[in-house]
Protein chains: 2
Amino acid sequence: MNTYKTKADLFHILSHPVRLQILDELRKRQACVCHLQAVTKRPQAYVSQQLKILRDADLVIDEKDGQNVFYRLTCDLTRELLKETIGQAGGPSHPEGCTCPFCSQEK
Amino acid sequence: MNTYKTKADLFHILSHPVRLQILDELRKRQACVCHLQAVTKRPQAYVSQQLKILRDADLVIDEKDGQNVFYRLTCDLTRELLKETIGQAGGPSHPEGCTCPFCSQEK
DNA sequence: CGCTTATATGCAAAAATTGATATATAATAA
DNA sequence: TTATTATATATCAATTTTTGCATATAAGCG
């Protein structure tokens, strides 16, 4: 179905600062939960909750690798909407205190 | 300011089926409240309240003409976002039972 | 076990929705 | 002209529903 409700639901997912920040970060590259924790400076449970919402809406997909779970964007529409509102995606970030594979390796 | 909060607030305005429908209709051409009432099939007070929200967010602007108040879109970003999600704007609609100037004249 | 991630529960705050009422303009009768 | 009625729109108040976020706990992997 392609109702206004459906479209509104998508916008609803995006209408949250932390979810938006998470999506913006994932737009740069995939990331594990602890990385997103460091980026958003929020408790782990909180980040996981938001990720569940994004997962349920099929905006992100998760893939387990050892003890880490990596998330990435699934949908091009999301990228377009982020581009329209936030602008071009930035480069990978290395937030203070993140010990994820990417951050340890590249810093 | 250009924080995630600011962007999220915009998405929040859009995250509502009736507001979305109103914006989609205004994208075709300006419209008075009674027209939007007929299009959305909602009580007048309800439509007015949604219009107030859209006004406060500077997404629409109102102009009084006699007893009618005409609303139109103000913002190009809104048009872009609607286009990305809903697609191209359709032609003017003439909902059943609307007695607004446009609908009376053209039908 | 320690580390990372996911889920469950609770509650205050905010938002959606509905109903009643107020205001302003126009049309019409006296 | 004034008084009255109808129409269009806005605002207020009350209620229900949803969200945001914290705390506690569970589950899976090395």
Side-chain angles (χ1 to χ4, degrees), chain A residues 4-5 8-22 25-26 30-57 60-72 95 97-104, chain B residues 3-5 8-23 25-26 30-57 60-72 95 97-104:
Chain A
Y4 290 113
K5 176 76 170 60
D9 286 344
L10 170 59
F11 283 126
H12 186 244
I13 303 286
L14 300 175
S15 72
H16 187 288
V18 174
R19 285 198 291 269
L20 217 44
Q21 186 175 16
I22 289 173
E25 186 67 24
L26 292 181
Q30 62 172 343
C32 64
V33 178
C34 70
H35 183 88
L36 298 171
Q37 234 178 292
V39 167
T40 61
K41 296 184 178 124
R42 303 279 174 157
Q44 176 272 319
Y46 183 82
V47 173
S48 272
Q49 282 173 15
Q50 302 308 329
L51 285 170
K52 175 171 174 54
I53 293 172
L54 295 173
R55 239 186 301 130
D56 290 348
V60 304
I61 194 172
D62 61 319
E63 194 171 2
K64 186 167 280 183
D65 178 17
Q67 13 179 20
N68 293 309
V69 178
F70 285 90
Y71 282 85
R72 54 179 200 273
C98 181
T99 58
C100 85
F102 289 140
C103 286
S104 315
Chain B
T3 58
Y4 290 113
K5 176 76 170 62
D9 287 344
L10 171 58
F11 283 126
H12 183 249
I13 303 285
L14 300 174
S15 72
H16 186 287
V18 175
R19 284 199 291 270
L20 215 45
Q21 187 174 16
I22 289 174
L23 290 171
E25 186 67 24
L26 292 182
Q30 62 173 342
C32 64
V33 178
C34 70
H35 183 88
L36 298 171
Q37 235 178 290
V39 168
T40 61
K41 295 182 179 126
R42 302 280 174 154
Q44 175 273 318
Y46 186 84
V47 173
S48 270
Q49 288 191 91
Q50 302 307 331
L51 285 170
K52 175 173 173 53
I53 293 173
L54 295 174
R55 242 186 300 129
D56 289 349
V60 304
I61 194 172
D62 61 318
E63 193 170 2
K64 184 168 279 182
D65 178 16
Q67 16 178 17
N68 294 309
V69 177
F70 285 90
Y71 282 84
R72 54 179 200 272
C98 180
T99 59
C100 86
F102 289 140
C103 287
S104 315

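Each chain gets a letter, A, B and so on, in the order its sequence line appears, and its residues count up from 1. Predicted model, so just to flag it, every value in this text is computed and none were measured.
- Both Q50(B) and Q44(B) lie close to DNA chain C; mapped to their nearest nucleotides by heavy-atom distance, the more 5′-ward contact belongs to Q50(B).
- Side chain of S48(B) to main chain of A45(B): no donor-acceptor pair is present (N/O by atom type, distance under 3.5 Å, no hydrogens or angles).
- Within 4.0 Å of R55(A), counting heavy atoms only, lie sugar-phosphate atoms of the nucleic acid but no base atom.
- You'll find the side chain of R42(B) stays beyond 4.5 Å of the side chain of Q50(B), heavy atoms only.
- Atoms NZ (K41(A)) and C1' (dA22(D)) sit 20 Å apart, rounded to a whole Å.
- Summarising the geometry, the separation between OH on Y46(A) and C1' on dG20(D) is reported as 6 Å, rounded to the nearest angstrom.
- Side-chain proximity of Q67(B) to the nucleotides dT4(C), dA20(C), dT25(C) is greatest for dT25(C).
- One interatomic measurement links the two molecules: CG of L51(B) to P of dA8(D), which rounds to 15 Å at whole-angstrom precision.
- Whole-Å rounding puts the L20(A) CG to dG20(D) P distance at 12 Å.
- In this structure, D62(B) places its CG atom 15 Å from P of dA24(C), rounding to the nearest Å.
- Atom CD of Q44(B) has more than 12 neighbouring heavy atoms from other residues, nucleotides or ligands inside a 6.0 Å radius.
- Note: F70(B) and F102(B) have perpendicular aromatic rings, judged against thresholds of 30 and 60 degrees for the angle between ring planes.
- Among the protein residues, F70(B) comes within range of no part of the nucleic acid, since none of its heavy atoms lies under 4.0 Å from any strand.
- For P43(A), the side-chain atoms get nearest to dA22(D) when compared with the rest of dA22(D), dA8(D), dA24(C).
- One atom, NE2 of H12(A), and another, P of dT17(D), lie 17 Å apart when rounded to the nearest Å.
- For the pair R72(B) and L26(B), the minimum side-chain heavy-atom distance is 4.5 Å or more.
- Rounded to whole Å, the distance from CG on D65(B) to P on dA8(D) is 14 Å.
- Among the nucleotides dT5(C), dC21(D), dT7(C), the one closest to any side-chain atom of K52(A) is dT7(C).
- Remark on DNA chain D: of its neighbouring residues S48(B) and S15(A), the 5'-side contact belongs to S48(B), judged by nearest-heavy-atom nucleotide.
- Taking only distance into account, the side chain of Q49(B) never meets the base of dA16(C) through a donor-acceptor pair shorter than 3.5 Å.
- The distance between atom CG of N68(B) and atom C1' of dT7(D), rounded to the nearest whole Å, is 9 Å.
- Comparing R19(A) and H35(B) against DNA chain D, the residue whose closest nucleotide sits nearer the 5' end is H35(B).
- Comparing atom distances between the V33(A) side chain and each of dA6(C), dT4(C), dT25(C) picks out dA6(C) as nearest.
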